[in-house]
Amino acid sequence: LSGKWKIQIIAVLLFKGKLRFMDLLRVVDGIAAKMLSKELQDLEANQLITRTVLHTKPITVEYEITTYGRTLEKAVHEIVGWGIEHRKKIMQG
C-alpha cells in the first residue's frame, strides 16, 4: 500500500463500489491516467481489486474491491476518521 494513491483508490472503490477507469480518474483528485493505470495494476497484482473487461463498443473496464481487499475497510475508516479530526485540530489553530 505504498505511495500516495493506493489508499485513496481503495477508499473510493470501498465507498462507491464498482467503477470504470474514467470514473476513477475523475474521482481520485489529481492523479494522472498513467499513474492510475500503474496503481490499479499493482492493486490487482496484490489481489485487492479485480479488473473486469466488458465486451462493449468501445471496450469498457470496471474495477472493484475483492473480498480480500474489503479486509482493509476498517483501516480505511480509521484513516479517514483521523484525517477529519486532524483537520479540525489544525483549523482551530
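No hydrogens, no waters, no symmetry mates; every other heavy atom, side chains included, goes into these values.
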Discussion item. Hydrophobic clustering (ILVMFWY, side-chain heavy atoms < 4.5 Å, transitive) - are Ile59 and Met22 grouped together?
Written reply: yes
Practice prompt. Using a 4.5 Å cut-off on heavy atoms from C-beta on, say whether the side chain of His77 contacts that of Phe15.
Written response: yes
Worksheet entry | Interatomic distance, Asp29 atom CG to Trp5 atom CH2 [nearest 0.5 angstrom] | 7.0 Å
Worksheet item: What residue among Leu19, Leu24, Leu43 forms side chain to side chain contact (heavy atoms under 4.5 Å, CB included) with Tyr63?
Response: Leu24
Worksheet item: Measuring from Glu73:CD to Ile10:CD1, what's the distance to the nearest 0.5 Å?
Response: 11.5 Å
Item to complete: Rounded to the nearest 0.5 Å, what's the gap from NZ on Lys18 to CD1 on Ile49? Could you check?
Response: 13.0 Å
Worksheet item: Say you draw a straight line from CG of Leu36 to CD of Gln8; how long is it, rounded to the nearest 0.5 Å?
Response: 11.0 Å
Worksheet entry | Leu14 vs Arg70 side-chain heavy atoms within contact, under 4.5 Å | yes
Practice prompt. Starting at NZ of Lys34, measure out to CD1 of Ile31 and round the result to the nearest 0.5 Å.
Written response: 13.0 Å
Fill in: Side-chain donor or acceptor of Thr60 paired with backbone N/O of Leu54 under 3.5 Å
no
Fill in: Atom pair CD1 (Ile79) and CG (Leu72), whose distance is rounded to the nearest 0.5 Å
8.5 Å
Item to complete: Considering non-hydrogen atoms only, spot the tightest contact between Val12 and Val28 and give its length.
Response: CG2-CG2, 4.1 Å
Worksheet entry | Nearest heavy atoms of Ala11 and Val76, plus distance in Å | CB-CG1, 3.7 Å
Fill in: Over all atoms of both residues, closest heavy-atom pair of Lys6 and Asp42
NZ-OD2, 3.4 Å
Worksheet item: Just wondering, do Arg51 and Val53 contact through their side chains at under 4.5 Å, heavy atoms?
Response: yes
Item to complete: Inspect the surroundings of OH in Tyr68 and state if more than 12 heavy atoms from other residues, nucleotides or ligands are less than 6.0 Å away.
Response: no
